[in-house]
Amino acid sequence: MKKICVFVAIGFFAFVAHAQKSLTSREIYESNRGAIVEIGIGDRFSGNGFIVSSDGVILTANHVVTTPESQRKQYAVNLIVVINGKTYPARPLEATVSDDMANFDFAFLKIESSNLPHVTLGRWDEVRDGDTITIVPSWPGMGCLLLEGTVSNLATQKTFLGPKPVRTIIFQAPIRKGFSGSPFFSKQGHVIGIVDTLVFGISPALADLGNKWAPGPDKADLKMSGISLDASFTEVINNLDQNLISGLGSGVDISYAKQQAPKDKE
C-alpha cells in the first residue's frame, strides 16, 4: 500500500510540474517580444526574424534575405535589422546559401551588439493537432503583434523550395505576407517553427487573378466614372488574400535550423 501511495504521489507531482510549464500567450509575448526583429533590404521591409543568441545572431526564413532572381541562392545586398526602432547593418552568418538552407528555408544573420534578449529553441513535437500556438510577428510602425493560432496538421512533405521533404506545421491564424521569418511558440514558450507563407501559399486561382489584374506598364489603366478598375481589382484581391486565404498559415520545423544554430557565447 505504501509503495502505491508513493507512486501516486510522484505521478501527481510530475503532473503538477508539467502543468506549471504551460504559459499563456500573453506571458510568451511579454517574455519574447524584445527578441523579435524586422528585416529590411535597403529601405524596403522584407520580413521578420528573431534573436537566438545574446551576441546578435538572428534566425529568419531564407526567402526573406535572398533574391528571387537567384532562385533564393544569393543574399540580397544592404540587409538591415530593426530592433525596437533602432537600425543595425546585418550580414549573413554563412557566406553562401547552402542547398539545405534553401530547401528548409532558413538563414542566420549577424549584427554587432551584445546582451540582447533571445528566444529558446524547442522541438516541433511539443505540439499536436488542435494545440494552441502563439505567433509574434512585427510590423513597421506598429511593433510586435500578439497572434494565437490552432495547429491544423503536422506533416512531412516536399515543397517547391527543394527536393528534400520538409516537416511543416499548418495552422489557423490571421497570417499575411510580410510575417515570414517570425517565430511561433509552443505553450512551453519555446520556438517550434518559423512562419513561412511560401510553404502553403495562397489559392492558385486567386494568384492568377492577382497577376491578371495587377497594374503594369503593359496594361492600360482602364477607367470608368473616374475609378481605376486595375487598382480596384488589386485592392479586392489583396483583401481576399489577407483576410480569407491567409487565414491558414504554415511554418517550417525549427529543427533544421537548430542543428546549425551557433551556441550563445555570453
Worked verdict on Ser152 versus Gln172 for side chain to side chain donor-acceptor pair (under 3.5 Å) = CA-CA 7 Å; Ser152 298; Gln172 299 173 43; 3.2 Å; yes
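Leu116 contributes atom CG, which lies 5.5 Å from atom CD1 of Ile83 (distance to the nearest 0.5 angstrom). Rounding to the nearest 0.5 angstrom, the gap separating the CZ atom in Phe185 from the CD1 atom in Ile254 is 9.5 Å. Here the CZ atom belonging to Arg26 is positioned 11.5 Å from the OG atom belonging to Ser31, to the nearest 0.5 angstrom. Here Leu121 contributes atom CG and Gln259 contributes atom CD; the two are 12.0 Å apart, rounded to the nearest 0.5 Å. To the nearest 0.5 angstrom, Tyr256 atom OH is 5.0 Å from Arg167 atom CZ.
Among residues two or more places apart in sequence or in another chain, the salt bridge (Lys or Arg N to Asp or Glu O under 4.0 Å) test is passed with Arg33 by Glu30.
Formation of a donor-acceptor pair under 3.5 Å by the Thr60 side chain with backbone atoms of Asn48 is found in this model. With hydrogens and angles ignored, the 3.5 Å screen pairs no side-chain donor or acceptor of Ser25 with any backbone N or O of Glu148. A distance-only check finds no donor-acceptor pair linking the side chain of Ser255 to the backbone of Lys258 [under 3.5 Å]. A donor-acceptor pair under 3.5 Å is absent between the side-chain atoms of Tyr75 and the main chain of Ala95, judged by distance alone. Looking at Asp131, its side chain does come within 3.5 Å of a backbone N or O of Arg128 through a donor-acceptor pair. Side-chain atoms of Ser46 come within 3.5 Å of backbone atoms of Val64 as a donor-acceptor pair (strictly under, hydrogens ignored).
You'll find the side chain of Val166 stays beyond 4.5 Å of the side chain of Thr156, heavy atoms only. Proximity of Phe50 to Ile58: side-chain heavy atoms (C-beta onward) are nowhere separated by under 4.5 Å. Counting heavy atoms from C-beta outward, Leu79 and Ile41 have side chains that approach closer than 4.5 Å. Side-chain contact check for Ile39 versus Ile80: every heavy-atom pair is 4.5 Å or farther apart. At least one side-chain heavy atom of Leu93 sits less than 4.5 Å from a side-chain heavy atom of Lys110. Using a 4.5 Å cut-off on side-chain heavy atoms (C-beta onward), Ile111 and Val81 make contact.
Counting heavy-atom neighbours within 6.0 Å of Glu27 CD, excluding the residue itself, gives a total above 12.
Two different hydrophobic clusters hold Val77 and Val97 under the rule that ILVMFWY side chains link at heavy-atom gaps under 4.5 Å.
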